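Letters A, B, ... mirror the listed sequences (proteins, then strands); counts begin at 1. Just so it is clear, the model here is predicted, and its values are computed rather than measured.
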Amino acid sequence: MKKSSAIILVAFMVLFTILAGCSPKVEETKTNTNTAASSDSGDSSSKEPFNIGLAISMSGGTALFGEGVKRGVDLAVKEFNDAGGYEGQNANLVLYDDEAKPEKSVEIVQKLISQDNIVALVGPANSGNAMAHIQFTQEAKIPEVVPVATGTQITQEFKDADKNYIFRVAPLDGVQVSAILKELIDKQGLTKLGVIHDTEGYGQGGREDIVKQMKENYNMEPTVISAFDPKELNLEPSIREMNNAGVEAVIFYGLAPQSAKLLEARFNEGLDAPIYATWATGDPTVLNLVGDLVKGDLFFVQSFTIDQNDVAKKFHEKVMDTYGEDVFPIATAQGYDSAKLILDAITKVGLDSEKIRDQIESFTDFEGVTAIKSEPFTKDNHEAFGIDEVFIATYNDDLQIVAAE
Amino acid sequence: MLQVQNLSVSYGQASALHKVSMEVNEGEIVAVIGPNGAGKTTLLKAITGLQKAKEGTILYKGNEISGTPAHKILGYGLSHVPQGRQVFGDQSVEDNLILGAFSIKKEKQKIQELIEREYERFPRLKERRSQHAGTLSGGEQQMLAVSRALMSDPDLVILDEPSMGLSPIFVKQIFDTLLELKKSGKTVMVVEQLAMAALAISDRAYVLQVGEVKLHGESRDLLRDNSLVKTYLGSK
Amino acid sequence: MIKAKWWIYQIGIPLVLLYAFPWFFNNAHTIHVAQTFLITYIVIVGLNLLVGLSNQLSLGHVGFYAIGAYASAILTMKVGLNFFASILISALIAAVFGAIVALLSLRAKGPYLAMVTIAFGELVSIIANRWVDVTGGPAGIKTSVPSLFGFELGPIQYMWFIGLLAIIFTAGATNIFRGRFGRTFTAFGNSEVASEVLGINVRKWKILAFSVSAFLAGVGGGLFAFQNQFISSTTFELNLSIMFLIAVIIGGSGTKIGPIIGTVVIIGLPQFLHNFVDYHLMIFGGILLIALILLPDGIVGALTKLSFFKKFSSKKVNTELGILHDDREATIDLPDGISGKLLELQNISMHFGGLKAIDDVEIEVLGGTVHGIIGPNGSGKSTTVNVLSGVYMPSGGNLLWKGKNITKYAPHGIAQEGITRTFQNLQLFEDMSVLQNVMVGFHRHFKTGFLKNLLYLGQVSNEERYYAQKAYDLLRIVGLEERAYEKASDLPYGEQRLVEIARGLALKPDLLILDEPAAGASPKEIEKIMDVIQRLKNAGLSIILVEHHMDIVMNICDYITVLDFGKKICEGTPETIQNDPRVIEAYLGGEEVNQLVAGTKFVG
Amino acid sequence: MELTDILKALINGLVYGSVYAIIAQGYYITFITTKTLNFGQGDFVMLGSLIGLSTFITITATGGSVWIAFIASLLLVIVILGICGWGLEQVAIRPLKSWHSIGWILSTVAVSMIVRNVAMLIWGRDVLMAPSPFGRAILDLGIMKIRYHDIFVLVSAVVIMLLLYVFLKKSLFGKALEAVAFNRDAASLMGINPRLMASIAFIIAGILAGVGGVLVGPMVHPGAFIGLFLGLKAFAVAIIGGIENPRGIFIGGLLLGVLENLFTLYSTSMKEAAAFFLILVILAVLPQGLFGKRVKEKF
């Protein structure tokens, strides 16, 4: 009948023996599994498909992004397989829902890496989720292309590493903010700017970028900042704050549903200043929700419009043919390009994840449907869209998105 | 009219009634008396379906009614005034009466007539018709409970300790009512602690003790029986 | 006594499993899921103590979880503490918040309690979301790789570390389960009022239960903060609280291995649903619903019905206590008799709204006597007992105990003074065995503290065995020793009343109030109860007896007070009372009523 | 801040508060009859608004007038949500009747998960536009502008409250329902079937959620995932008012709505936090809510 405290002490000693003495020789991640697939790819008679991962939110606040991206990726995979795959090996898309939660994202990304043996990953819609899991893709040496999340930090996290495995085909916050500030301050010479943002990662990240860039580049501060809960039903108080502060322009950082609420609130309350928003406001959801309230004094950053060129137009038609609707053209297009980057690289270099990464970084002849360049990335730049690939857009009288004058 | 045969009821492990048999004939007043915890209330609850019987049968007008859920019993013409009145305290006196007629679903006219009849029986209730039942005094609540039970025009009325917690003047009124009911042709079964009074107004009586029938017979005979006092106050 | 078996099951086998796990399931995902499982399990162990034992509801555990996570992240990253130290400190912070939530919700019940906890959880999650400078908001903050004494813990080592903590906490929780703390938690979860009259300060114990539970949630949160080296406020939402609760209930609340099963369900099941992207909510909800309908006692509850699993169930009675079954006469341990005035009720009134339940009642109870209180239904007997035991605060008048004014004492205070009672509507602790019920009665005599119980030191097991023996002796006195290990609620009514008496005796009371101890009992049981009361009387115990069975009252009481309509109508010895016309009137219906009735009806 | 701001906040508060109060009446009505409530009430609201909007759009698209469309959608929602309420009682409440504890919380949550998933499969993941029969028309009072729909919601809320009041206090069925709530056994002695009444209570709760959904639809952009938030708000309102007091719930709803919106004059982002803080304070002081009954337990 010895005291159980003694047992607990023993337990602790066991811990330390384990830690200090016989550390097991187990790998944290099975990075080698893919090499096997690629090494015998030449003489493989069994045409086992290889896996591409998609870890994105299919439920929760950013579910529509997930849906849009999924369709784009599906199309890219289908095209790839229809064209014969990689030496007869088809690509198989493995999709898991991250429920817009970072811990879930980590879980499914690890599952994709270690159980589904994916060769590459198309990443999340939420920046927080990306921040939570990119260390695992980086460590496992799995290239990840982020199709939607715009948090500036995502591609910067491993920029000093030997090889950065994280790429992005989406207009990052920093670039969008620069574009808006350039327009408002450099071009129009405004000084009293108000900010309205949501309290999700999206809005809060955007707010930080705005404040930082205004401070660093123009030595200015926003006149007034109004935050709102994305579940909030009524944005009139924010509009009133803007009016009371007498701002000359409003920068809006929020997703489509909130953009729609903002426009309704503007309609109800009246707003003296024009609204400048991010690319999310170009989401067709906004138009669906508020119709012609999008007209007039609403501007937003875009990297893709369905009629910006023939490729885009054709892609849009293909989406319409396949799904009967284009729920979120930009997300679908960016998702398509993200997957296409990976699949084109596979066509060129095979199924070795590291080689795929190197190929993505060194494309010179890439053809995407967004504004992506033929040489999208360099070693130091893992952003497909720079300030030159984005533009300020607005709605014309026919409720089509066009470049602003 | 009502026949209870070998009825046993238990709550979990505890036996409350043990093989109780009794009967009520049409047109009479039957009293069930006995000390607290004798199982009187349980007997009534078992008859009207509020309490499941373990064994035994209950026949009403020759039909087996054991196992019938409480809300259907009223449909047979059997009405139960529960112990402690249990009027709907949040609702007005008149609403309580209307609820008493819930099961008959007759036209408004008829219900209004029934209400008037009850107001005649207990003018007190008419005075307080719009008052919340919960604010009535104990005696008034008892009147209401009796009236409410009579709203469905039952053939047999079962009352559970109508005198409980009432001052004598109200007790008299309630007992008078029972006699009136008998006169108007109804059958009455009443559980009472006021043994003497109950014996005084009833035709026959059953004495219950610890879940069993100890004595039964003509009330006038029981009144003269000295052993009854002992059942109550014990013997040293 | 800690038998070899005990630590083999509790510590040995889990340790081996834990150590072996990564050798068999060696990939990052499984390790990650195992970590998540263990972290969640720790939280569930805590919530199970709260929900399962003390019957409190929390839909705000995510708040404690978040506090643990953020506090430890901040302490590590900004203050520079070792991660383990910071987890412990932040768990303590979470425990403090647990106490605060308990204080806020002391009087709230049912949906109101649910709302208090929801509001707390939401408040924390909003603060985590908005206080970006500190928490990083939804964009999150990075934490470091956990390290101990210079060793960086890789995923496997970290899993081992969490697993060790989980085993330690499980052992602690098990110790709490089987000791007096678990018993007390269960007691007030079963019946607050009965716990109070046995001297348990329910208020303090609720705070303790919430704190312990919050502490474990805080530990879980702290461990979570270093799992991915990243936390973001989007994790900490109401849904997670609901998941925690699902785990507790579906596993089988209040059982020892329920948390393991419950955690398997909420962490394991979704692993199989990853592939059903469009349907996973529906499948999860469907399985949950079916499980609730088919297994109303949770999975463990259902399994315990199969005898094979019975030995794992906590509801089973602990037979490790080694009680002596000797033939010596069991003696009652009672305080020295006091003669003279023990208790005085001076002009006590109790009004509910306009109703005067008791009005200006004066009673004197003498030491060493059995004082009966009788009266018809509604005469105020129950109210008197409730006032005497502190359950009601009287509207007027004073209560003097050995000359000391105890009018404003809470029930547990009155119990500490040496007054306890039984209940007319039985208030047994239904989830416990008969023996454990009685052992709760010894509450005020136990000396060991929380930490000692957590470790279940030798002192604790000695104390447990000592009082188990005494409880057993008390059961012999009431003749229930054969029933000692049965579930209290399985006993017949009359025997349950005897259990309540034995439980009251365990307090070693100066005054025992018996509220209708014979109600609902069978004649045989009544004889038994009478015999017990008689023996207690002979042993010199002071008793207040409220009873309808006149056999008992007249035979046992030394002195009787009769109440009617809330007033004292007379008092005296049994003979006086039996011949007092006022009593006959109150009980049998007096002349007046008879005359009134007789006026309309002619009897023989 | 100006007077019009305060006035506007007040009106906004009344409008939103009254919607919450209507939804919360559903909690009241099932709680008094069965001591349970639907933790997924918010998802029923969501379902109501989505069904309402689909009906509305279908009818207006085929040329029906807005008011016919509105009334038709209201009727359809009442029928479907009534059935949902009945079904909920059948699958998630009645089988758990023997539970004294909290199983029903989880079973209703489970049903809400299924409802949410079904809604997602039917209406997609996006939020949708629910048109008001008034379109976007605004009443310009000079000092401030109010949407006609807001006025309509406020008026409807009062009307619904009155209807509910009349139903509970004046109709035989309502009286029977209250009787069951007050004393189950006594009610069954009156020939009232308590089980039937429990079903009816859940049907009414479903209908209230549905009607609340139709009213709130044009204000929120309904979508499959909005339920939890609305349900939580309504639950908070029910608790603040005292869940067993329908008038308390109505006042509690208006109060919470107004206080919340007044708080936006100070900070728009911390409005929710303020609301929950307020709830904590209220419940710490008044554990039965503002207008709840305080009962003395008897032992």
Between A:Asp97 and C:His280, is any pair of side-chain heavy atoms under 4.5 Å apart?
-> yes
Select one option (side chain, backbone, both, neither) describing which atoms of A:Gln135 are under 4.5 Å from chain C's heavy atoms.
-> side chain
Which portion of A:Ser127 sits near chain C, non-hydrogen atoms under 4.5 angstrom | neither
So, C:Gln227 and A:Glu103: side-chain donor and acceptor under 3.5 Å apart, yes or no?
-> no
Kindly determine whether C:Glu237 and A:Lys101 satisfy side chain to side chain contact (heavy atoms under 4.5 Å, CB included), including the steps that lead there.
-> CA-CA 10 Å; C:Glu237 286 175 357; A:Lys101 299 227 175 272; 3.0 Å; yes
Heavy atoms, side chains only, cut-off 4.5 Å: are C:Pro138 and A:Gln204 in contact?
-> yes
Identify the two heavy atoms, one from C:Thr234 and one from A:Ala100, that lie closest to each other, and give their separation to 0.1 Å.
-> CB-O, 4.2 Å
Identify which part of A:Gln115 has an atom lying under 4.5 Å from any heavy atom of chain C, answering side chain, backbone, both or neither.
-> side chain
Under a 4.5 Å cut-off applied to non-hydrogen side-chain atoms, are C:Thr235 and A:Pro102 in contact?
-> yes
So do the side chains of A:Arg207 and C:Val132 get within less than 4.5 Å of each other, counting heavy atoms only?
-> yes
Which word best sums up how the rings of C:His274 and A:Tyr96 line up, parallel for under 30°, tilted for 30 to 60°, or perpendicular for over 60°?
-> tilted
Which portion of A:Glu157 sits near chain C, non-hydrogen atoms under 4.5 angstrom | side chain
Taking the side chain as every heavy atom from C-beta outward, state whether C:Pro270 and A:Lys104 have any pair of such atoms under 4.5 Å apart.
-> yes
May I ask you to test the A:Asp229-C:Arg130 pair for a side-chain heavy-atom distance under 4.5 Å?
-> yes
